[in-house]
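Atoms within each ligand, like the ligands themselves, are counted from 1 in listed order. Since the structure is predicted, the reported quantities are computational estimates derived from the model, not experimental observations.
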Amino acid sequence: MTLRAIVEGVGHYLPDRIVANSEFEKTLDTSDEWIRTRSGIERRHFAAEGQPTSDLALRAARAALENAGLRADDIDGLIVATSTPDLTFPSVATMVQRDLGMTHGFGFDVQAVCAGYIYALATANSMILSGQAKRLLVIGAETFSRIMDWSDRSTCVLFGDGAGALVLGAHEGEGRNTDRGILATDLNSDGNYRDMLYVDGGVSTTGTSGKLRMQGNALFRQAVDKLAGTAFAAMKKIGLKNEDIDWIVPHQANIRIIQGTAKKMGIPMDHVIVTVQNHGNTSAASIPLALSVGVAEGKIKRGDLILSEAIGGGLAWGSVVLRW
Ligand code: UT7
């Protein structure tokens, strides 16, 4: 028998305020048409004034617990993937832990920007397989609206706020690639690409939280190859081929990157969960949000083989293969 980290529940939360592309036409030299055709984005949600990342994370966590039929008491720990924490410290995870009424277990944040959820899932999987935890909440939560330069049309039209969460529990599997649960992970980073996507402030440099800066086109040219490469590497680890994938649930940065990666992997677009049109790029929240939407729409079903991949600041990129 082999331990497996199986998805027991999924949920998400999106802030009430929805901003259409046309809103940006009032203040910037941009158009709904440019944003739509270059990125696939039509609208995004923004957190309310005073609404921190931990609030989004908490609501997604509650939804995932409810979906799993579990209570906070049943959870051993929380891992939150975020690059937009409420404060420099303590972690968002400990604030969610408090707000769930938990005084047991542990919570910590993982920061790998848009690849953060992949890193958090890989970490949670390792903790479950090593016996350190039996059940974990893995949350991706972001308020990227807080780090936008609203005068920079090349970035501020692309991002949104939101949160998604999974409950992962330890179960016995057979050690085969037909098992449910996380089957393979693949993590990569290369700090030489630092200038492609970064925030121009920080605790130990400027003493400010800074604004997001991106060389979008240069990053675009890296994305498809690296995403298809990490997907292939993860599938190879478990002896599966791309045609075995039921759903790609990718990071949602740009519809053209999503389409290019699916094409390179030989997967038709009707096997890809796409939410970028409604959410924009929500960084570490985009994959759990897309998983939750895919389940709610009745697309993702028990037993389906799911490949998730993401790339972002670092650069950091990676993938997870799991059977739902
Ligand atoms: O999640 C983290 C990872 N992030 C990504 O993977 C994002 C990767 N990059 C992208 O998604 C795309 O590169 C963008 C959507 C950011 C941009 O699309 P692009 O096709 O690469 O456009 P571009 O950057 O080459 O810009 C084309 C033109 C430029 O004008 P010129 O130099 O050709 O005159 C830009 O100044 O579009 C201009 N432009 C805009 N025009 C209208 C840039 N932003 C805008 C805008 N509205 N909002």
Closer than 4.0 Å: a protein non-hydrogen atom to atom 33 (O) of ligand 1: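 False for atom 33 (O) of ligand 1.
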
Assess whether a salt bridge exists between K241 and E243, defined as any Lys/Arg side-chain N lying under 4.0 Å from an Asp/Glu carboxylate O.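 Result for this pair is no, no salt bridge flagged.
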
Give a yes or no on whether a salt bridge exists between D304 and R323, defined as a side-chain N under 4.0 angstrom from a carboxylate O.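 No, this pair does not count.
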
Give a yes/no verdict on whether any heavy atom in I35 is under 4.0 Å from an atom of ligand 1.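 It does not; every heavy atom stays at 4.0 Å or beyond.
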
[X] heavy atoms, cut-off 4.0 Å: which ligand 1 atoms fall inside?
X: L197; value: 2 (C)
X: V157; value: 48 (N)
X: C114; value: 1 (O), 2 (C)
X: N254; value: 10 (C), 11 (O), 12 (C), 15 (C)

Check whether any N or O atom of [X], backbone or side chain, sits under 3.5 Å from an N or O atom of ligand 1, and answer yes or no.
X: L158; result: no
X: N281; result: yes
X: R153; result: yes

Got the closest protein heavy atom to [atom], with its distance?
atom: atom 4 (N) of ligand 1; answer: L219 CD2, 3.4 Å
atom: atom 24 (O) of ligand 1; answer: N217 CB, 4.0 Å
atom: atom 47 (N) of ligand 1; answer: T30 OG1, 2.7 Å

If we count only N and O atoms by modelled type, under 3.5 Å, do the side chains of T206 and T208 hold a donor and an acceptor together?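 On atom types as modelled, these side chains qualify, holding a pair under 3.5 Å.
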
